[in-house]
Amino acid sequence: MIKQDVKLLVTIALLIILPLLHSVLPGFFGGDFYSPALMNALTIPLLLLKLIAVVAGLYLLDKRYGIWSLPMTQRWAVSVAAALGYLLAMAQVVLLAMGVFMSLTFAKSGDQEQRVKTFGEHTLYMTTADPGAFGKAYHYFYLQCPMSMGRYELKLIEKLDWVGDVDFDLKGNTLLIYSKNGSGKQTSIATAMNLSC
């Protein structure tokens, strides 16, 4: 009976703690894979998976907490662990549900919000974050650095206030950013950058 209780306790802890670790430490499970576009497409399913895992852990904790038969000297430790588990799980349920809601509500078609261009051996990634009425829009430019086993790391090159339609090019170690505003006037911005990963 105690072996089953320990297995169940470990399962509950994993269901509650692993989603928390992935949310707080995004690189904990090995970082990003294949491409930024794929990772962007997996955002909502991953949030839903974490939400389901935390709700399952909370359900098991609630269902089994009163049944554990431990000696009185160990009961206080289980009570503290259960209280901490409830607290972590409830906070995650609220935050993950908000994340799913916000991701579904503000999801865009993706036509102009992200681009990947390769210049020789360097891959640059541009994304536009526009939260609408909730904040200011920005263009982010990254250098995509390859890692082992199909993983990559993004190094921020430039964060630019939203300037309309954007295109970019790389000349030597200089990032050239071209933008068109609503009247069709084109402007350019040059940023020197370090191309080492």
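Just the heavy atoms: all of them, side chains too, but no hydrogens, waters or symmetry mates, feed the values below.
The distance from atom CG of L15 to atom CD of Q92, rounded to the nearest 0.5 Å, is 10.5 Å. Within the model, atoms CD1 of I177 and CD1 of I157 stand 8.5 Å from one another, a figure rounded to the nearest 0.5 Å. Separating the OH atom in Y142 from the CD atom in E153 is a distance of 12.0 Å, to the nearest 0.5 Å. Expressed to the nearest 0.5 Å, how far CD of E158 lies from NE2 of H139 amounts to 11.5 Å. Note that CG of L143 and CG of L175 are 10.0 Å apart. Values are rounded to the nearest 0.5 Å. Note: L84 CG to Y86 OH = 12.5 Å, rounded to the nearest 0.5 Å.
Minimum interatomic distance between A89 and V54 (heavy atoms only, all atoms of both residues): O-CG1, 3.5 Å.
With a 4.5 Å cut-off on side-chain heavy atoms, Y138 and L160 do not count as touching. Taking 4.5 Å as the limit, some side-chain heavy atom of L48 sits within range of a side-chain heavy atom of I44. Using a 4.5 Å heavy-atom threshold, the side chains of I12 and V10 count as separate. L60 has its side chain out of reach of L58: every pair of non-hydrogen atoms, C-beta onward, lies at least 4.5 Å apart. For the pair M98 and V100, the minimum side-chain heavy-atom distance is 4.5 Å or more. A heavy-atom distance below 4.5 Å is not found between the side chains of L170 and K117.
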**Study point:** Test side chain to side chain contact (heavy atoms under 4.5 Å, CB included) applied to V116 and L124, step by step
**Key:** CA-CA 6 Å; V116 177; L124 299 180; over 6 Å; no
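Following chains of ILVMFWY side-chain contacts shorter than 4.5 Å, one cannot reach I52 starting from F101, and the two form parts of different hydrophobic clusters. L20 is not connected to L87 by any chain of hydrophobic side-chain contacts under 4.5 Å among Ile, Leu, Val, Met, Phe, Trp and Tyr, and they are in different clusters. V93 and L95 fall into different hydrophobic clusters, where Ile, Leu, Val, Met, Phe, Trp and Tyr are joined by side-chain heavy atoms under 4.5 Å apart, directly or via other members. Neither V55 nor L49 shares a network with the other; the hydrophobic side chains, linked directly or stepwise wherever heavy atoms of I, L, V, M, F, W or Y lie under 4.5 Å apart, form separate groups for each. Taken together through direct or relayed side-chain contacts under 4.5 Å among Ile, Leu, Val, Met, Phe, Trp and Tyr, V94 and L46 form parts of separate hydrophobic clusters.
Within 6.0 Å of the CZ atom in F119, the count of heavy atoms belonging to other residues, nucleotides or ligands exceeds 12.
Defined by atom type and a distance below 3.5 Å, a donor-acceptor pair is present between the side-chain atoms of K50 and S23.
When ring centroids are compared, F141 and F168 come within the 6.0 Å threshold.
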